[in-house]
Each structure stands twice: as C-alpha cells, then as structure tokens.
Amino acid sequence: MTGPLHAVAAEPGAAARESHEQVQALCGTWVRVVPVEDVPDDAGLCRACQYGP
C-alpha cells in the first residue's frame with residue numbers, strides 16, 4: 001500500500017470497513033477502508049483530504 005491516502009467521514013468509513021465496500025473520501029475519490037495498523041508511517045494524505053477543496 002502506498003500513499004497518498006485519503007480521509008473518510010467516521011460513520012461511512014466504519015460501515016465500509018465492516019462491509020469491505022468502497023466509500024467516497026472527502027476529496028471525492030472512491031477508496032477501500034483499511035485498519036490504521038496497515039498504513040505505513042510515511043504515507044501522507046492527499047492534499048484535498050488534508051486541506052479541503
């Protein structure tokens with residue numbers, strides 16, 4: 001897994017993680033939610049998710 005990563009809202013993100021379905025990130029990109037333990041330490045957020053549109 002490589003960056004940039006994307007941020008998702010908490011409620012839809014939790015549901016997507018349970019169902020293994022994709023969910024729309026804050027920037028509009030469709031993503032798969034993974035546990036934070038699976039995210040590399042050096043992976044950063046996409047600019048739109050980090051700073052907003």
Side-chain angles (χ1 to χ4, degrees):
M1 181 179 328
T2 61
L5 301 177
H6 299 278
V8 298
E11 192 172 309
R17 184 172 161 207
E18 292 294 320
S19 68
H20 303 285
E21 305 253 339
Q22 287 192 339
V23 66
Q24 199 165 20
L26 300 178
C27 67
T29 301
W30 287 90
V31 297
R32 183 176 55 95
V33 177
V34 297
V36 71
E37 302 86 40
D38 294 348
V39 177
D41 290 337
D42 61 349
L45 285 176
C46 83
R47 291 182 65 73
C49 285
Q50 187 170 11
Y51 300 110

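The two residues Ala7 and Cys49 make their nearest non-hydrogen contact at N-SG, 3.3 Å.
Under a 3.5 Å cut-off, the side chain of Thr29 and the backbone N or O of Ala25 do not form any donor-acceptor pair.
Atom CD in Gln50 sits 11.5 Å away from atom CG in Leu26 (nearest 0.5 Å). Distance check, rounded to the nearest 0.5 Å: CH2 of Trp30 to CD of Gln22 gives 8.0 Å. With values rounded to the nearest 0.5 angstrom, Cys27 atom SG is found 14.5 Å from Tyr51 atom OH.
Following chains of ILVMFWY side-chain contacts shorter than 4.5 Å, one cannot reach Val34 starting from Val8, and the two form parts of different hydrophobic clusters.
Every side chain to side chain contact (heavy atoms under 4.5 Å, CB included) that Ala16 has, sequence neighbours left out, goes to Val23, Val33.
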